[in-house]
Amino acid sequence: MHRSLLTIEEPRLFNFWSTVNSHGWSDLAPFLIDKDRQSIEVTLRLARHRLVSVRLSAPSKRIQAELRSSALLTVADKHQVGRIVRDFLRMDEDYRPFYAMVRGHPSYRWVIGKGAGRLMRAASVFEDVVKMICTTNCNWSLTKSMTNNLVNLLGEEWKGFRAFPTPEALAGVSEKFVRAEIRAGYRSPFLIEFAQRVASHKLDVESWRKVPLTSEELSKNLRSIKGVGEYAAGNLMRLLGHYDAMAFDSWVRAEFYKKHKNGRRVSDKTITKHYAEFAEWKGLFFWVDMTEDWFKKKLPF
DNA sequence: GCGTCCAGGTCTACC
DNA sequence: GGTAGACCTGGACGC
């Protein structure tokens, strides 16, 4: 086993743990939080099929990455790890307009103090979409179970470390297997069809992080994936940098009713109107508003 | 132990 | 375009 270290400089207004805990992704395989060591671990699959285990911590204003790999990592390999980490922690995105708006609203100023606002994503768009489909119409424990099964049964393995399955791996199994072993139920044909479209290059989902699209175009692309409805598309859009997108589920609605309406139910249109002044950032304001308690009570860890 | 409900929804058929 | 009904799973709850 080869070990090496990598240091990643943090941008301004960035908080490692606020980003890691920005929503549930860090709780899903192949991510694994180690509370004792105050670190998060993930296994990544690099070019040339190299697997590398990455343990991330932020002891100072720098992120430290401990790498373990089967082969000695080249400079290019390490650069690739750095790029992937910076990408899933949203370190290179321009949040200045968002923080400028935050400064103008006293009830949101806590966001700056906590370094909140960056929503962690997975190492690939493919992984984000699969996981998002696995959050639909079920409780969180089932989402965890499905993603665990995907990683453990279909992810590439090296010395106990496992990466998220490739599109090819998921595309190559039967619906029967996904139903029986992954326990994905009716989502199974959706997951396989999506993986097949990606594996056959009919759908280039990874370009969605690179090529600028309008929110309308991106939404249309996402909704072309079976199993991705309004809720999943809205959440995925925010993971793709389109913060005008709203996304409603039973949890977030209940939080809004509790926080702003004394528990009284209102329509999604009314909720959207509540954040309308934030225009192209309204989806992100909505999310940080709904999760404010997490930062006050839960963090760090 | 068993039945029912529902959760970080979506699709399809029908109107 | 709006809506009812079906769809997997597993934990929580009431009995």
Side-chain angles (χ1 to χ4, degrees), chain A residues 20-29 31 116 119-122 127-154 170 173-197 203 216 218-240 242-243 245-261 263 265-272 275 282-295 297-298:
Chain A
V20 167
N21 290 305
S22 54
H23 62 118
W25 259 210
S26 60
D27 197 28
L28 299 178
F31 289 107
L119 305 178
M120 180 170 153
R121 55 191 181 190
E127 186 176 331
D128 276 333
V129 173
V130 169
K131 283 176 169 171
M132 199 62 76
I133 291 173
C134 291
T135 67
T136 57
N137 197 24
C138 64
N139 56 27
W140 189 246
S141 64
L142 184 55
T143 299
K144 285 182 75 166
S145 162
M146 286 186 270
T147 48
N148 265 331
N149 293 337
L150 281 165
V151 171
N152 291 330
L153 300 176
L154 295 176
L170 182 54
V173 293
S174 67
E175 183 182 326
K176 192 178 167 192
F177 175 87
V178 180
R179 283 179 182 270
E181 305 299 330
I182 308 297
R183 311 298 292 168
Y186 70 91
R187 301 166 196 80
S188 304
F190 302 156
L191 293 174
I192 294 172
E193 185 189 300
F194 170 60
Q196 286 173 343
R197 287 176 72 192
L203 194 60
E216 210 174 19
L218 183 59
S219 174
K220 199 177 159 192
N221 287 341
L222 287 164
R223 293 297 302 270
S224 79
I225 301 166
K226 271 192 191 168
V228 174
E230 213 173 328
Y231 145 86
N235 275 321
L236 285 165
M237 284 178 70
R238 293 193 294 225
L239 295 185
L240 290 161
H242 288 250
Y243 299 107
M246 301 290 283
F248 300 100
D249 55 45
S250 54
W251 178 81
V252 88
R253 287 188 183 102
E255 285 299 307
F256 183 87
Y257 305 153
K258 196 166 61 184
K259 185 165 184 176
H260 294 295
K261 300 291 173 187
R265 290 170 68 109
V266 293
S267 69
D268 293 348
K269 270 188 183 171
T270 301
I271 299 177
T272 303
Y275 299 94
K282 64 179 178 296
L284 188 54
F285 271 89
F286 177 37
W287 184 252
V288 294
D289 191 26
M290 294 301 93
T291 55
E292 183 179 358
D293 277 356
W294 295 7
F295 293 91
K297 294 175 188 168
K298 280 173 47 173

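Note that the structure is a prediction, hence the values are computed from the model and not measured. Values below: all heavy atoms of this structure, side chains included; hydrogens, waters and symmetry mates excluded. Numbered from 1 within each chain, the chains take letters A, B, ... in sequence-line order.
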For this session: Determine the Euclidean distance between corresponding C1' atoms of B:dG8 and C:dG2; express it in Å to zero decimal places.
Result: 24 Å

Problem set entry | NZ on A:K282 to CD1 on A:I271, rounded to 0.5 Å | 13.5 Å

For this session: For A:S26, enumerate each residue passing the side-chain contact (heavy atoms from CB on, under 4.5 Å) test, keeping only those at least two apart in sequence or located in another chain.
Result: A:V20, A:N21, A:I33, A:I40, A:M120

Problem set entry | Contact letters for nucleotides 2-8 of chain B, in which S counts primed atoms plus P, OP1 and OP2 and B counts the base, heavy atoms under 4.0 Å | -----BB

For this session: Write down the distance separating the P atoms in B:dA13 and C:dC8, rounded off to the nearest Å.
Result: 15 Å

Problem set entry | Dot-bracket line, read 5' to 3' along DNA chain C, where crossing pairs take [ ] and | marks a partner on another strand, Watson-Crick or G-U under 3.5 Å | |||||||.|||||||

For this session: Would you tell me whether A:N235 and A:H23 have side-chain atoms, one donor and one acceptor, within less than 3.5 Å of each other?
Result: no

For this session: Determine whether the side chains of A:D128 and A:W25 contain a donor N or O and an acceptor N or O closer than 3.5 Å.
Result: yes

Pairs under 3.5 angstrom only: tabulate donor-acceptor contacts from the side chains of residues 175-184 of chain A to other protein residues two or more places apart or in another chain.
residue: A:E175; atom: OE2; partner: A:R179; partner atom: NE; Å: 2.8
residue: A:E175; atom: OE2; partner: A:R179; partner atom: NH2; Å: 3.1
residue: A:R183; atom: NH1; partner: A:A180; partner atom: O; Å: 3.4

Problem set entry | chain A contact limits on DNA chain C, taken 5' to 3' with a cut-off of 4.0 angstrom to heavy atoms | C:dC7 to C:dG11

Exercise. Within this structure, what is the CD1-to-P distance between A:I225 and B:dC11, rounded to whole angstrom?
Worked result: 10 Å

Exercise. Of all residues at least two apart in sequence or in a different chain, which pass the ring pair (Phe, Tyr, Trp, His ring centres under 6.0 Å) check with A:F286?
Worked result: A:F248, A:Y275

Exercise. Are A:M146 and A:I133 close enough that some pair of their side-chain heavy atoms sits under 4.5 Å apart?
Worked result: no

